[in-house]
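Read through the structure below, which is laid out as structure tokens, and then see the notes.
Reckoned from all heavy atoms, side chains included, excluding hydrogens, waters and symmetry mates. It should be emphasised that the depicted structure is a prediction, and the values quoted were computed from it without experimental measurement. Here is the naming used below: chain letters follow the sequence lines, and residue numbers restart at 1 for every chain.
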Amino acid sequence: DAKTTQPNSMESNEEEPVHLPCNHSTISGTDYIHWYRQLPSQGPEYVIHGLTSNVNNRMASLAIAEDRKSSTLILHRATLRDAAVYYCILRDREGGSEKLVFGKGMKLTVNP
Amino acid sequence: DGGITQSPKYLFRKEGQNVTLSCEQNLNHDAMYWYRQDPGQGLRLIYYSQIVNDFQKGDIAEGYSVSREKKESFPLTVTSAQKNPTAFYLCASSLTAGGPHEQYFGPGTRLTVT
């Protein structure tokens, strides 16, 4: 199964941009890149996903490398509410096996 | 409001008892999932269902059972065969199984077995 690698943790300051990296060197051509985040004692929340092109939504931007072996989640202005564990996940286009691997994720701390 | 509900939020059971966790969604999603999360760890897939009356084992299905008799409901039974049942259990759904569709998660049920 394709896996992702993220730093264990990152820190940022409030109202500054944050770039959260993810490596997925074994990604297949049919894998979507999904990002979720989880606050303590809550279920994960979908953030964004993409296949090949960069994506923007109201929460964040997703920058995908040309070779698709890495991606970066960009929070344009971090707030205290963005402090969470962020998961980068690969999801097969067809969903035949649904082998979603969340891993331990990356803990983002936002300093006031 | 559309969403996923899980009940109860906290559940306590004695060892050797089976317990069923509820998961209901009103999003009209075909696919539903059960995950388990242990402290400081990521989520692990227990079972998933792509359509009514069909479900598949995930990575850690031993000691668990599910049913999918209705589109809206996907209950999980933690049996006495599950060796370490104490965990945070999360239910999710998506429009269909597969890459472009995000998963929506419920608030979770924290199960403690003593």
[X]-[Y] co-clustered via ILVMFWY side chain contacts under 4.5 Å:
X: A:V55; Y: A:V47; value: yes
X: A:I33; Y: A:I74; value: no
X: B:V113; Y: B:I60; value: yes
X: B:Y35; Y: A:Y46; value: yes

For this session: Would you please go through residues 65-89 of chain B and name the residues with a non-hydrogen atom below 4.5 Å from one of chain A, in numerical order?
Result: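 The list, in residue order, reads B:F88.
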
What do you reckon, is [atom1] of [X] surrounded by more than 12 foreign heavy atoms closer than 6.0 Å?
X: B:I51; atom1: CD1; value: no
X: A:D67; atom1: CG; value: yes
X: B:E62; atom1: CD; value: no

Problem set entry | Exam field: side chain B:Y104 to backbone A:E45, donor-acceptor pair closer than 3.5 Å |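 A pair under 3.5 Å: no.
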
Problem set entry | B:Q103 CD to A:I89 CD1 distance, which is reported to the nearest 0.5 Å |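 Atom-to-atom, B:Q103:CD and A:I89:CD1 are 7.5 Å apart.
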
Exercise. Which value, rounded to the nearest 0.5 Å, describes the distance between A:Q42 atom CD and B:F105 atom CZ?
Worked result: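 Output value for this atom pair is 13.0 Å.
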
Problem set entry | Residues which pass side chain to side chain contact (heavy atoms under 4.5 Å, CB included) with B:T5, listed by chain and number, not counting sequence neighbours |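 With neighbours one apart ignored, the set is B:E24.
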
Under 3.5 Å, side-chain donor or acceptor atoms of residues 103-110 of chain A against the rest of the protein: list the pairs with distances, not counting sequence neighbours.
none

Exercise. Using non-hydrogen atoms only, which part of B:Q37 is less than 4.5 Å away from chain A: side chain, backbone, both, or neither?
Worked result: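 Only the side chain of B:Q37 comes within 4.5 Å of chain A.
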
Please table the atom pairs, donor to acceptor, closer than 3.5 Å between any side-chain atom in residues 75-82 of chain A and protein atoms at least two apart or in another chain.
residue, atom, partner, partner atom, Å
A:H76, NE2, A:S61, OG, 2.6
A:R77, NH2, A:E15, OE1, 3.2
A:T79, OG1, A:R81, N, 3.3
A:T79, OG1, A:D82, OD2, 3.4
A:D82, OD1, A:R37, NH1, 2.8
A:D82, OD2, A:T79, N, 2.9

Exercise. Where do A:S41 and B:K9 come nearest, in terms of heavy atoms and distance?
Worked result: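 Of all heavy-atom pairs spanning A:S41 and B:K9, the closest is O-NZ, 4.3 Å.
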
For this session: Indicate the atoms forming the closest heavy-atom contact of A:G43 with B:L90, along with that distance.
Result: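 Smallest interatomic distance, heavy atoms only, reads CA-CD2, 3.5 Å.
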
For this session: Show your reasoning for whether side-chain contact (heavy atoms from CB on, under 4.5 Å) applies to A:I48 and B:E102.
Result: CA-CA 8 Å; A:I48 200 166; B:E102 62 265 36; over 6 Å; no

Problem set entry | Test log, rule side-chain contact (heavy atoms from CB on, under 4.5 Å), inputs B:S94 and A:R91 | CA-CA 12 Å; B:S94 64; A:R91 193 165 186 206; 3.5 Å; yes

